[in-house]
Amino acid sequence: MTWVEQLRAHEAVFRRAPSAHNTQPWQLEYHADEVAVTVDPARSLPDSDPTGRDLDLGIGAFVETCLIVSAGLGLAVTAVPGPRLVPAAKVYSTPFTIADVEARRVARGRYAPGPLDPAVLAELGPGLAHVPARELVRDLAVADRWMFGTPAVALELRDWLRLDPRHPRYHLDGLTDRALVLSRFEARFLATALHAYPVTRRLGLATLLATSGRSLLRYDGSVLVLLADGTDRVTAGRRLLRTWLALARHGLAVHPLSQLLDCPQTAARLTDRIGGRPLAVFRVGRPLAEPIRSARLPAQVH
Ligand SMILES: Cc1cc2nc3c(=O)[nH]c(=O)nc-3n(C[C@H](O)[C@H](O)[C@H](O)COP(=O)(O)O)c2cc1C
């Protein structure tokens, strides 16, 4: 078996990589001695992610996941711009394993109170800013209202929600009621409100929907911000994935809150607050309940 064939046999593992709205935007082209990673345009989010920030970060996270899996298989592979996976002189050096990739998941439920241990933050290295969760309570409400009140963004979210287990794509992609930790009632309410969206918006229900996230940051917790560091966004996505896996090694889960960057008003405030260019924002902590394993598309048939 060539290295490409060996890696390909583990496609289901590296497909565990995270992506915004769980769109899984990557496409793989397997060649004799390289694997090209391209983007499926139908799986991008032109309205919620117009600058392609989350798309690039997701592709970076995917590439890092592929490299960790390659290393776990003992394959000497590296990533080059494209991005492409190509042969390397030695196995990629990483502290992370295939088991870490398999176990990784975001957790959107409640976290135990208590800020992030400064020693853990120091271990993560530069390029991250810490903000106490409570300090972002109001901004998250503003960002949520913006998200549910901006038709193109709300409707794009609707396309990727799978709020009923009978949804035909429930086990394939998108965000399920269980992943979003919604009760049956909350899931039905959200589905109905988004189904009748133009009317809902006029009735001001967007505000009501947005308030559901109010309590999310009202505790003594931590939010981390990934800062741009002069590299491209795909490279930053690789750093993001390593950060999430490093936190997981400490039993800490993450919950991205990208709306804080998507909403122009809260993005500007966050930029001022941290004095750098934010690329990703996520809550960090010890989840009180085990997060669920999210859906994935099956590996490409070959
Ligand atoms: C760049 C990026 C942005 C994301 N933004 C959000 C977000 O704003 N809110 C959220 O709940 N999850 C967000 N996520 C998490 C994805 O929805 C999640 O990775 C996906 O649903 C797959 O679930 P899993 O990570 O548990 O496997 C983001 C993930 C990435 C990579």
Side-chain angles (χ1 to χ4, degrees), residues 12-26 39 43-45 47-65 100-111 136 139-140 143-144 146-148 153-154 156-157 159-163 169-182 190 210 212-213 216-217 223-226 228 233-245 247-248 252-263 266-267 270 278-285 287 289-297:
V13 182
F14 49 83
R15 279 184 169 273
R16 296 305 312 164
S19 56
H21 288 12
N22 197 19
T23 62
Q24 306 158 52
W26 43 79
V39 169
R43 295 186 164 273
S44 65
L45 300 166
D47 295 313
S48 355
D49 184 29
T51 66
R53 180 200 67 225
D54 282 355
L55 185 64
D56 286 346
L57 291 174
I59 292 295
F62 181 74
V63 166
E64 187 70 18
T65 305
D100 292 323
V101 166
E102 293 265 24
R104 191 210 55 77
R105 49 192 73 179
V106 303
R108 299 184 182 84
R110 290 178 58 213
Y111 291 174
L136 293 173
D139 276 358
L140 186 63
D144 277 344
W146 173 88
M147 179 169 67
F148 287 113
V153 174
E156 199 166 63
L157 171 66
D159 286 347
W160 291 97
L161 288 177
R162 281 87 178 95
L163 295 175
R169 303 196 64 80
Y170 197 81
H171 299 288
L172 294 175
D173 53 17
L175 301 164
T176 64
D177 50 343
R178 290 184 61 225
L180 297 173
V181 201
L182 298 175
L190 183 58
S212 57
L216 204 58
L217 296 179
V223 170
L224 287 183
V225 183
L226 182 88
R233 291 189 304 205
V234 172
T235 306
R238 293 180 54 184
R239 184 158 54 95
L240 182 66
L241 196 273
R242 290 195 298 269
T243 303
W244 289 358
L245 292 183
L247 287 163
L252 294 163
V254 301
H255 174 187
L257 301 166
S258 308
Q259 63 270 46
L260 286 166
L261 299 181
D262 299 336
C263 166
T266 55
L270 190 64
L279 285 178
V281 186
F282 48 93
R283 190 161 77 89
V284 184
E290 177 76 6
I292 63 114
R293 189 172 155 91
S294 57
R296 285 299 182 278
L297 293 163

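Just follow the structure's listing: the first ligand is 1, and inside any ligand the first atom is 1. In this text, all values refer to a predicted model and were calculated from it rather than measured experimentally.
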Original post:
Does R105, backbone or side chain, put an N or O under 3.5 Å from an N or O of ligand 1?
Top reply: no
Original post:
Is S294 close to ligand 1, meaning an N/O of one under 3.5 Å from an N/O of the other?
Top reply: yes
**OP:** Compare all side-chain heavy atoms of R43 with those of H21 and state whether any distance is below 4.5 angstrom.
**Re:** no
Subject >> Partners meeting ring pair (Phe, Tyr, Trp, His ring centres under 6.0 Å) with F62 (sequence neighbours left out) >> reply: F14, W26
Select one of side chain, backbone, both or neither to describe which atoms of [X] lie under 4.0 Å from any atom of ligand 1, heavy atoms only.
X: L180; result: neither
X: R15; result: neither
X: A61; result: neither
X: V106; result: both
X: R293; result: neither

Original post:
What closest approach, in Å, do L224 and L247 show between heavy atoms, and which atom pair accounts for it?
Top reply: CD1-CD1, 4.3 Å
Subject >> Taking every non-hydrogen atom, the tightest pair across A143 and T266 >> reply: CB-OG1, 3.8 Å
Subject >> ligand 1 contacted by R53 (non-hydrogen, < 4.0 Å) >> reply: no
Original post:
Who are the side chain to side chain contact (heavy atoms under 4.5 Å, CB included) partners of D49, not counting sequence neighbours?
Top reply: L45, T51, R53, D54, L55
Original post:
How close does the nearest protein non-hydrogen atom get to atom 28 (C) of ligand 1, and which residue and atom is it?
Top reply: P256 CG, 3.7 Å
**OP:** Would you mind telling me which of R293, R16, R15 makes a salt bridge (Lys or Arg N to Asp or Glu O under 4.0 Å) with E102?
**Re:** R293
